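Structure first, commentary second.
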Amino acid sequence: MLFNSLNFLVFFTLLFAIYWSVRKHLQNLLLLTASYVFYGFADWRFLFLLIGISAAVFFLAIGMEKAEGTARASLKKLFFSLGLTLSIGSLAFFKYFNFFTASFNDLLRGVGIHSQLETLHIIVPLGISFFTFRVLSYLFDVNNGKTRPTRDWVVFFNYVSFFPSLLAGPIDRAKLFIPQLEKQRSFTYSEGVNGLRQILYGLFKKMVIADRCAEFANTIFTNYTNYHGITLILGAIIFTIQIYADFSGYSDMALGIARLLGFHITKNFDFPFFSENIAEFWRKWNISLTSWLTDYLFTPLSISFRNWGKTGLVLAILITFTICGVWHGASWTYVLFGFVHGCYYIPLILTGAMTKKKKKIQDRALPSFSQFFNMILTFILVSLAFILFRSDTVSDAAGYYKRILHLWPVARPEISVSLLLLAGIFLLLEWIGRNSEYAIEKTGLNWSKTGRWAFYLAIFIVIFLYQGKPLAFIYFQF
Amino acid sequence: MKRFLIQSFIFLSIAVGLIAIVTVVMDAYIVRKASFKCRADAKYVVLGNSHPEQAYNDSLLDHFQNLAQAAETYLYTFIKAKEIFEQNKQIETVFIEFSNTDLLPEWNKWIWGSAVLSWRYPIYSPFMGMEENKVLLLNNFSGVNNCLPLSLKDNAIRVVHHDLDYSNEMGGFVYNTREKVDSFLEHDNLKENFERVRKNQDHISSYNVVYLTKLVQYLKEKHKRVILIRSPLHRSYPGLGNEAEYEKILHTAFVGVEYLDFNAFPLANADYVDLEHLNFRGARKFSLWFNQLLKEGLLDKENKQQFIEERIKEVRM
């Protein structure tokens, strides 16, 4: 069920009406039922996996707490290991089994050994990477004593499967989300309006920007051999805008829906296209994943490698980003996507720029020349890496890169002016609203009610006009 | 909460109302200004789908205009016909293609399938009545919903550019040069397909038949002479498997409606595109012959089908 579908509108209107007319415990039960209906709508069979993992981690975490400080302390370790094995094991099986098997076969074939390891017909459960990372963070936090395990199964199951963020994040942390489930929630007018405004902007990003960019990017990436270098460069740029509008549009809708239900979930994007270097970009892109990887992977790795100085840091970054790439999908294109981003960090680590504080770009109406240059450079680097992300195979990506260099003789780029204009207006809107949580959060707040409503109506009508057959969100596949 | 609900309701009402008003006003303007003009000398027209579209070469037929269009189901023909016959009083006789193909249940997807809607709905939505909208909404609600903005955009562009001449949307003869019959005869499971159609012949596209009856009724009310026709189909065409059902419907739903069957008109494999459609050669042969029949007063004969069969025999000899 897509957020931008009629089914969801009916589903959510019903839920909203019942949700605010019942008490807290019933609210949680209702929310859990709604989350399972939402998830089951895509494929009910995977509900068993979702419920199974939730139940196992719920009891294991309680077991870990009970075992702590007793004579059976080793049990805590056992429960923790069991939880990790179960979570990572199911992710590895459903998402990576075929990839590893095929890669292993290729490797053996490369050294002349004929391998007959069979791949399986596995359907990857929707959102598995997101809910697995959610339970993993819970296990880590309980193990480290940062979070006390909840004894309320409805609360915990809700934490794992909260439908607005179940399929494509943000990946909320237990210590931020579980307390919200445990207390009475109240509806406020301002939060409700803010939620609707954020949903409206998310819909605009997804249906107007991302889906229009998708038409162009899909054509270019599918037939890249037919296009000239300049059009391929534009294809990469438009895809970068598409994936941002798609993913951040989804996140805005998720945040807005959560607000309407009385929750605050983690902000996932902070205008990443205005970053001056790659480190800043990742602090602003898919924030919940980046902070997850920082806390549970990069930090422990950099501590382990601390004696190796900058080399250790480089190694930690490369491992972290390669895993970040693998998290996105079971394909060598994603592995390379992550690795390339890791490599982008190396100059920053070597020059010490990674930790240097930049003057906030937010403070100025226009960026300085050097800030603008850095922003463009970062955007180009990111767009180049997204070619790997979008390509079906590594050889396709290599072909795309190769053809980009075919710039001579100069040819007119094969892109419509209206798409360029649309992308330009979108980036301008983002730039103007970059000091807010989302671009239009504060737009029109000090205007008259008529002016403000006219602005929202204009967005609504533009969304309606650009509506077509809803396209799935890119990050659903992860 | 109460304030939030009221404000949200008002906002949504304004937004939906605004879109509805713009749509209604624009549709009314299009209906008033749209041109569905046929040729001034067109006394005879043919309506239907790709069969008549590719069979009647109207450059070889006197006072005749081909208004058939590929994949056009009777629901859309009905909507189109209402506009055409309001604006073209010179048309006296309407030939409507009705063949075995038109009964096949697959035709439903050509009425409300999403791909078809995205193409037909923007063109026909201003001219659609409540009944037609109801049929489409009941059978593909989300498809229609997805087409609403497309329709609004396309029609706004039409109005702005004052492009309200629908003569290009009305259909017309298609000069098809392909000839693929031999490969179909060689590779297709024709017998199996024929049997499949024969066994399932009671599964028909009832909406298609219902709208054909509506079309016939409408034309009669407009005092037009309506003649159902069956243009030539290849003898190996598996769709002929529903012949019994076809005959049954013809003699129950269309009692009193004139009917001419040209299915037996002799053509070579090289005269067909495939088993259902004539190519330019077949269309030329058939159209010249049909024109001669009209000149010889086919429509005034007492036993028209007998006359046709006699003339077919002559062609065979």
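In the text below, chain A, chain B and the rest are named by the order of the sequence lines, each starting its count at 1. All of these numbers come straight from a predicted model, not from anything done at the bench.
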**Report entry** Ring geometry between B:F11 and A:W453 (parallel below 30°, tilted from 30 to 60°, perpendicular above 60°)
**Finding:**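 Judged by the thresholds at 30° and 60°, the geometry between A:W453 and B:F11 is perpendicular.
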Chain B contact via [X] - side chain, backbone, both or neither, heavy atoms under 4.5 Å:
X: A:L196; answer: side chain
X: A:L260; answer: side chain
X: A:L6; answer: side chain

Query raised in the report: If you look at every heavy atom in B:L148 and A:F464, which pair is closest and at what distance?
Result: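 The pair with the smallest heavy-atom distance is CB-CZ, 3.9 Å.
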Query raised in the report: Which pair of heavy atoms, one from A:F16 and one from B:L5, lies closest together, and at what distance?
Result: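 Closest approach of A:F16 to B:L5, heavy atoms only: CE2-CD2, 4.0 Å.
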Chain A contact via [X] - which portion, at a heavy-atom distance below 4.5 Å:
X: B:S8; value: side chain
X: B:L12; value: side chain
X: B:L18; value: side chain

Is it the case that more than 12 heavy atoms not belonging to [X] sit under 6.0 Å from its [atom1] atom?
X: B:W110; atom1: CH2; answer: no
X: B:F141; atom1: CZ; answer: no
X: B:R178; atom1: CZ; answer: no

Requested in this report: Show your working on side chain to side chain contact (heavy atoms under 4.5 Å, CB included) between A:Y189 and B:M1 and close with a plain yes or no.
Outcome: CA-CA 6 Å; A:Y189 177 77; B:M1 176 63 92; over 6 Å; no
Report task. First locate atom CD1 of B:I19, then atom CG of A:L465, and finally report the distance between them rounded to the nearest 0.5 Å. Result ->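 Those atoms lie 7.0 Å apart.
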Query - Geometric cation-pi criterion, B:K153 with A:Y466: 6.0 Å, 45° - result: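 Yes, cation above the ring, under 6.0 Å and within 45°.
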